[in-house]
Amino acid sequence: MLSRQYLREHPEEVRASLEQRGYDVDLDRVLDLDEEWRALKSRGDDLRHERNEVSGEIGRLKADGKEAEAQEAIERSQELKAELAEVEARADELEAELDAALLELPNVPHESVPVGDDERDNVEVRRVGFDALRELPEEVVPHYELGEELDIIDEARAAKTTGSGFYFLKGEGAMLEHALIQFMLDVHREQGYVDLFPPIPVKTTSMVGTGQLPKFAEDAYRIGGSETEAYDEDDLWLCPTAEVPVTNMYAEEILLREDLPLKHQAYTPNFRREAGEHGTETRGIVRVHQFNKVELVNFVEPDDSYDRLEALVGEAEEVLKRLGLPYRILNLCTGDLTFSSAKTYDIEVWAPGTPADDGPERGGRWLEVSSASNFEDFQARRAGLRYRPERHESAEYLHTLNASGTAIGRVMVALLEYYQNDDGTVTVPEALRPYMNGAEVIEGHEPVGESAVGAGKRD
RNA sequence: GCCGGGAUGGCUGAGUGGUAAAGCGCACGCCUGGAAAGCGUGUUCCCUCUGGGAUCCUGGGUUCAAAUCCCAGUCCCGGCGCCA
């Protein structure tokens, strides 16, 4: 959230930011609320000051045994009490309104973020791994067909147990998931990350802390109630990204300067409702309601956060480098930035098997596997994440950043398509083999059940 | 789930209706040849900032006045019960 002071002093910058992001917010109303609140607050402070003085006087008069004068003062105090209650009730009302409005204002983009409307205006920063591509089959089979063929991804049966947008991984597919997790965690441990295994349900305050709420309730799964109900009871949501539990782990705390930079990684499942996305991406595991990833979360001193963002992208892309997967990096434009972010780099891996309008020249598509963002103090202010620069100084908000250490399901998609062989098997990249019991190739499984006989895949 | 104990400033910790002791840490100042000790000041948030207001886990209530009394809740500790 933006600080009230910043809003007061830089209203035009906030207005420009809203415009560039494509937000339609009545900023003047927010500014008016603030001004009116301050006037009432001041009036209330004066009244309270007077009451405190009268109150102290009562104590002294009573001690001196001057009952009549004390009684007079008590009556004066009662008058003040009534007036104060009125002023403060109105001030509280305004402040609540102001806070609610502030929670819905997005972060202000950094000056290095390109101005633009949507993903078409994102700026490609670099492309990696396209110089020495491996030889691909004439026709690369999309992962959803290949996954079915090898019987390592089963979407149909997951629809039966859970619904559309979920999938089973089986045999070598499930092994590949475990292998990718362990491989990624190892890479990031080398980079100085400390592992966390967080609780998967999170409270509303946590969702507000990182910015998923109050504005984006329709994206998340609520446990034990409708996402539109009041949050008094059964206040739990399914983790939409490990960013939420991990960032909020230190909410309302003051860290020491020596604690920074704080680097945590966490593997978790992530749940997204993907409301309004029905009809697109219905095949495959690119857009699903549950996906798993290793998330990287950084807490740093404010002066370091932009250097750290560059380094963080490097740490995330290391996974793709070691797997030998070609990818590109984008600097997201203002219109494509998420709510809490001041600047975001996307890492998109090349999935050569799936056709797309906006894919690379060689065909296939770009798949977003990581978003590395600097939130500056936006989340820190919402969640109460502070640090003490020097022991004797007052605490300041720290800066938070995070990046997926790449989404596991989508990396798997890229692997199945990019490492595909002519005979329909998939080569396991060398870096991953130690995590796959040494397996060099994924050969698949015999399908199970009568339906396979009907389809001519079993005798 | 039940019974009992608890939550106070950066940390420890007193305070049972009259406006938050004390100690520790840290910083600065005084003192000193220098240091230690000692002394002083500071070390939460908000505001229209020579000043004022709020803050003793949270939210209600009683009262002229609440850290203190009452109600509800959260979390922590101990014991009992249940449980993969």
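Numbered from 1 within each chain, the chains take letters A, B, ... in sequence-line order. Values in this document were obtained by computation on a predicted structure and should not be read as measured data.
When ring centroids are compared, F291(A) and F271(A) stay outside the 6.0 Å threshold.
Distance from the side chain of W37(A) is smallest for C46(B) among the nucleotides C64(B), G10(B), C46(B). If you check U43(B), C64(B), C45(B) against the side chain of R386(A), the one that comes closest is C45(B). Listed candidates were C64(B), A54(B), U48(B). Nearest to the side chain of R38(A) is U48(B). Taking every side-chain heavy atom of R48(A) into account, G53(B) is the closest of G10(B), U48(B), G53(B). In this structure, the nucleotide among G10(B), C45(B), G53(B) sitting nearest to the side chain of K41(A) is G53(B). For S55(A), the side-chain atoms get nearest to U19(B) when compared with the rest of C64(B), U19(B), G53(B).
Comparing G5(B) with G51(B), their C1' atoms are spaced 44 Å from each other, to the whole Å.
With hydrogens and angles left out, the side chain of D45(A) and the base of G52(B) share a donor-acceptor pair within 3.5 Å.
U50(B): no Watson-Crick or G-U partner with both key distances under 3.5 Å is found in any strand. Pair assignment for U43(B) gives G25(B), based on Watson-Crick or G-U wobble hydrogen-bonding distances that are each under 3.5 Å. The partner of C75(B), taking Watson-Crick or G-U wobble pairs whose two distances both stay under 3.5 Å, is G6(B).
In terms of phosphate contacts, N52(A) brings no side-chain nitrogen or oxygen within less than 4.0 Å of OP1 or OP2 of A65(B). Of the side-chain N and O atoms in K81(A), none sit less than 4.0 angstrom from OP1 or OP2 of U63(B).
Within the 4.0 angstrom heavy-atom criterion, no nucleotide atom of any strand lies near A70(A).
Heavy-atom contacts from other residues, nucleotides or ligands closer than 6.0 Å to NZ of K215(A) number more than 12.
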Distance-only donor-acceptor hits, side chain of residues 19-27 of chain A, under 3.5 Å, sequence neighbours excluded:
unit_1, atom_1, unit_2, atom_2, d
R21(A), NE, N107(A), O, 2.8
R21(A), NH1, T338(A), O, 3.1
R21(A), NH2, N107(A), O, 3.2
R21(A), NH2, T338(A), O, 3.4
R21(A), NH2, S341(A), O, 2.5
D26(A), OD1, D28(A), N, 3.4
D26(A), OD1, R29(A), N, 3.3

Could you list the donor-acceptor pairs under 3.5 angstrom formed between side-chain atoms of residues 176-201 of chain A and any protein atom two or more places apart in sequence or on another chain?
unit_1, atom_1, unit_2, atom_2, d
E177(A), OE2, N292(A), ND2, 2.9
D186(A), OD1, R189(A), NH1, 2.7
D186(A), OD2, Y435(A), OH, 2.6
H188(A), ND1, Q191(A), OE1, 2.8
R189(A), NE, D195(A), OD1, 3.1
R189(A), NE, D195(A), OD2, 3.3
R189(A), NH2, D195(A), OD2, 2.8
E190(A), OE1, R322(A), NH2, 2.8
E190(A), OE2, R322(A), NH1, 3.3
Q191(A), NE2, E315(A), O, 3.2
Y193(A), OH, N298(A), ND2, 3.2
Y193(A), OH, E315(A), OE1, 2.4
D195(A), OD1, Q265(A), NE2, 3.2

